[in-house]
S.K.: 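Sending over a structure as structure tokens; questions will come in a sec.
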Amino acid sequence: MNALFGLALKSAWNRRLTLGLTLLSIALAVTLLLGVERTRVAARASFSQSVSGADLVLGARTSPVQLMLYSVFRMGGATNNIGWDSYQAVIRHPAVAWSIPIALGDSHRGFPVIGTDAAYFEHFRHGRGRSLSFAQGRPFDGLFEAVLGAEVARRLGYRLDQAITLSHGSGELKQSEHGDKPFTVVGILAPTGTPVDHSVHVSLEAIEAIHLDWQGGAPMPGVQISPEQVRKFDLSPKTITAALIGLKQRTAVFKVQRHINSYPKEPLLAVLPGVALDELWRVVAMVEQALLGISVLVVAVGLAGLVAVILASLNERRRELAVLRSVGAGPRHILALLALEGASITLAGLGLGLLLLNLAAWLAGPTLEARLGLTLALQEVSPAELKLLGAVFLTGVLASLLPAALAYRQALTDGLTPRL
Amino acid sequence: MKKSLLATALFLATTAPAWAHEHGHDHSQGHAAHVHGQATLLLVVDKGLVQATLESPLDNLLGFEHAPRTDKERQAVRQMAKALQTPDTLLSFDPQAGCKLERTQLNSAVLPASLLQGNQAAPAAGAADAGHGDLEVEASYQCQNPPRTIDVRLFKHFKGLQRLNVEIVSEKEQAARQLNPAQPRIKLD
């Protein structure tokens, strides 16, 4: 076997250019296959880690998936807000341990502004139950104070005590600046890899305050309430967009959900985040399957290339194989030699593919994490990936048996008798 | 890539038929979704204690959705009630769990309580909207060990049931599964 391996190696070295290119194509195919799989897993993980602590998400009655997307992931817009009274009423349920109100709608230079309260910094959990921590500063306390997510501070280059102004809506219209009421940055959160990093946090009262002299989505002409005067008004919030709710006992969730969904004064919706995400994955599964299907096809192309190269080499190796036969190699040895070549190249392709993937993750990882909250860590091969790799290897070995079998059937004298 | 994936998901999710997401478990007001062939099962797994709540259009279980008028229909209701109260009709657990059915309760607004034996509660209000009727089954099981797998046996007994939307909650996780007669098993981690 050792001698055979040496022979295979030396023979392969002679054809290093074609085999090298084949190896590269298999490696790239494997990189793509594993990349798709890893992105899929990472996307799921990053989503479920963004709501790891909450048992229910409360909002206006809409589709559960949509409620999750706009309230937690800030994707798409809210269809309706819910009344502050209704919110106060339903969280009085004895099973509710804590709740975090969320008011969306304003932005700062493209980053969403979240009106919330102190519970946010105390109860919000991400990853495996980690709470928020401050890289600098402290939670907001005064009316015009803001806490920035890590990515907001990094990309805009903000520091503590910086003055910022919020924009009404998504901030595309120039006249919709809340320019008269600047906020001071009092805290910057540590990175979390969740949408929190991309958010600007202010108090619910501040959201009320900056809209006091606004009506119908625009500043009221002639009415100007200065930041000093604002404190004299009733700044208790009227509406919020959504809320995250934590329970004393997680298993009581259906009871509380039913309680909220049957709240008589306003149509409310309480969603189990885990259930809504599973529903979302069921929808996304089709797209994932398509992506996986494409990468499987690419792997098939790579392996077909391998078979083609070995098949083509049979002709140029007629002499070589015939010489081997003449010095005593049986047809079985020839079969083994060629199968060994195919298997080794597939194996090397798998290894190189893994290497390339990790290299890509290492190079692009930080950018992906910052931009999309997608953590593509250098990691060990997961069982699912191992299954994929195993399937590729097996297919490669089986495919390379085809040229091996052809060579096996070639007569002893073939290649020694000169063809005319 | 995640963004575009999600954009597609968002699109698909929002353009899915309205009933696909309307399972707010709403009883005191509003109109809960009512799709024949489908039902909802809520499962709470609290270590050894398993509580199951099945909500199904009566049509899936009976073939009709009104108060029984003939003896034959009355007999059908009795049979259904009896079947649902038999331990293995609803759910069966992996043998190591050693689960025992403790209590079953059947509620329906359109069926007389006398036919649904063991039913102490008053009929749930508002279930009989638009000529449709639902049945709610609550069952609790006590297990020696936390169950690893749960098989839904309803499909075998009620051919009218084609799809079951399951929502599972435990101390550790929340999850949703979709079961059908070919795939009736729930795996718990």
Side-chain angles (χ1 to χ4, degrees), chain A residues 35-36 39-40 42-43 46-48 51 54-56 61-70 73 75-76 249-255 257-264 267-288 290-291 368 371-374, chain B residues 1-33 40-53 55 124-126 136 138 140 163 165-178 189:
Chain A
V36 166
T39 315
R40 185 183 76 91
S46 89
F47 263 63
S48 41
V51 274
D55 292 298
L56 284 170
R61 206 164 283 178
T62 172
S63 124
V65 173
Q66 209 180 347
L67 173 59
M68 285 287 295
L69 287 178
Y70 72 65
F73 307 108
M75 288 171 178
Q249 226 190 336
R250 308 199 79 172
T251 45
V253 66
F254 288 127
K255 261 181 235 150
Q257 185 190 33
R258 183 176 279 207
H259 170 75
I260 292 174
N261 287 351
S262 58
Y263 181 69
L268 300 177
L269 176 73
V271 172
L272 279 69
V275 167
L277 281 181
D278 275 348
E279 262 167 35
L280 176 63
W281 299 136
R282 207 179 294 147
V283 180
V284 184
M286 255 185 302
V287 184
E288 289 176 351
L291 281 177
L368 281 176
R371 294 269 163 92
L372 304 171
L374 211 60
Chain B
M1 176 154 76
K2 195 180 97 176
K3 275 259 158 81
S4 62
L5 247 174
L6 278 164
T8 320
L10 189 68
F11 172 75
L12 288 172
T14 45
T15 51
W19 49 260
H21 292 296
E22 252 180 62
H23 51 100
H25 311 290
D26 193 341
H27 297 275
S28 75
Q29 54 141 177
H31 308 276
T40 307
L41 178 69
L42 308 181
L43 276 178
V44 176
V45 183
D46 195 355
K47 294 179 194 84
L49 182 70
V50 179
Q51 282 174 301
T53 310
E55 286 167 39
E136 188 187 89
E138 287 178 48
S140 43
R163 206 165 82 189
N165 296 309
V166 187
E167 298 181 10
I168 311 154
V169 165
S170 69
E171 272 302 322
K172 276 185 296 183
E173 61 157 5
Q174 299 179 344
R177 299 277 180 277
Q178 215 168 57
D189 313 311

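Chain naming here is simple, since letters A, B, ... match the order of the sequence lines and numbering starts at 1 in each. When reading the values below, keep in mind they use all heavy atoms of this one structure, side chains included, and skip hydrogens, waters and symmetry mates.
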S.K.: Closest approach of A/Q249 and B/D46, non-hydrogen atoms and distance?
M.R.: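 In this case the closest contact between A/Q249 and B/D46 is NE2-OD2, 3.5 Å.
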
S.K.: Work out which heavy atom in B/R177 is nearest to a heavy atom in A/R282; give both atom names and the distance.
M.R.: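 That closest heavy-atom pairing would be C-NH2, 3.8 Å.
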
S.K.: If I take atom CG from residue B/L42 and atom CG from residue A/L272, how far apart are they, to the nearest 0.5 angstrom?
M.R.: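 One gets 9.0 Å once the value is rounded to the nearest 0.5 Å.
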
S.K.: What residue in B/Q178, B/K172, B/Q174 has the most heavy-atom pairs under 4.5 Å with chain A?
M.R.: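 It is B/Q174.
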
S.K.: Determine yes or no for a side-chain-to-main-chain donor-acceptor pair under 3.5 angstrom, with A/E279 supplying the side chain and B/A176 the backbone.
M.R.: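 Not at all, since once roles are kept as given, no pair shorter than 3.5 Å links the two residues.
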
S.K.: Report which part of B/V166 has an atom under 4.5 Å of a heavy atom belonging to chain A: side chain, backbone, both, or neither.
M.R.: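 Contact with chain A is absent: no heavy atom of B/V166 under 4.5 Å.
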
S.K.: List the steps, then state whether salt bridge (Lys or Arg N to Asp or Glu O under 4.0 Å) holds for A/R258 with B/E136.
M.R.: CA-CA 14 Å; A/R258 183 176 279 207; B/E136 188 187 89; 3.2 Å; yes

S.K.: Restricting to non-hydrogen atoms, name the atom on B/L43 and the atom on A/F254 that form the minimum distance, rounded to 0.1 Å.
M.R.: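 That would be O-CE1, 3.5 Å.
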
S.K.: Find the distance between CD (B/E173) and CG (A/D278) and round it off to the nearest 0.5 Å.
M.R.: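 Atom-to-atom, B/E173:CD and A/D278:CG are 8.0 Å apart.
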
S.K.: Can you see which heavy atom on A/V253 is nearest to which on B/V169, and at what distance?
M.R.: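 Looking at all heavy atoms of both residues, the shortest contact is CG1-CG2, 3.3 Å.
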
S.K.: Which atoms of B/Q51 come close to chain A, meaning under 4.5 Å heavy atom to heavy atom: side chain ones, backbone ones, both, or neither?
M.R.: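 Answer is neither: B/Q51 stays 4.5 Å or more from chain A.
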
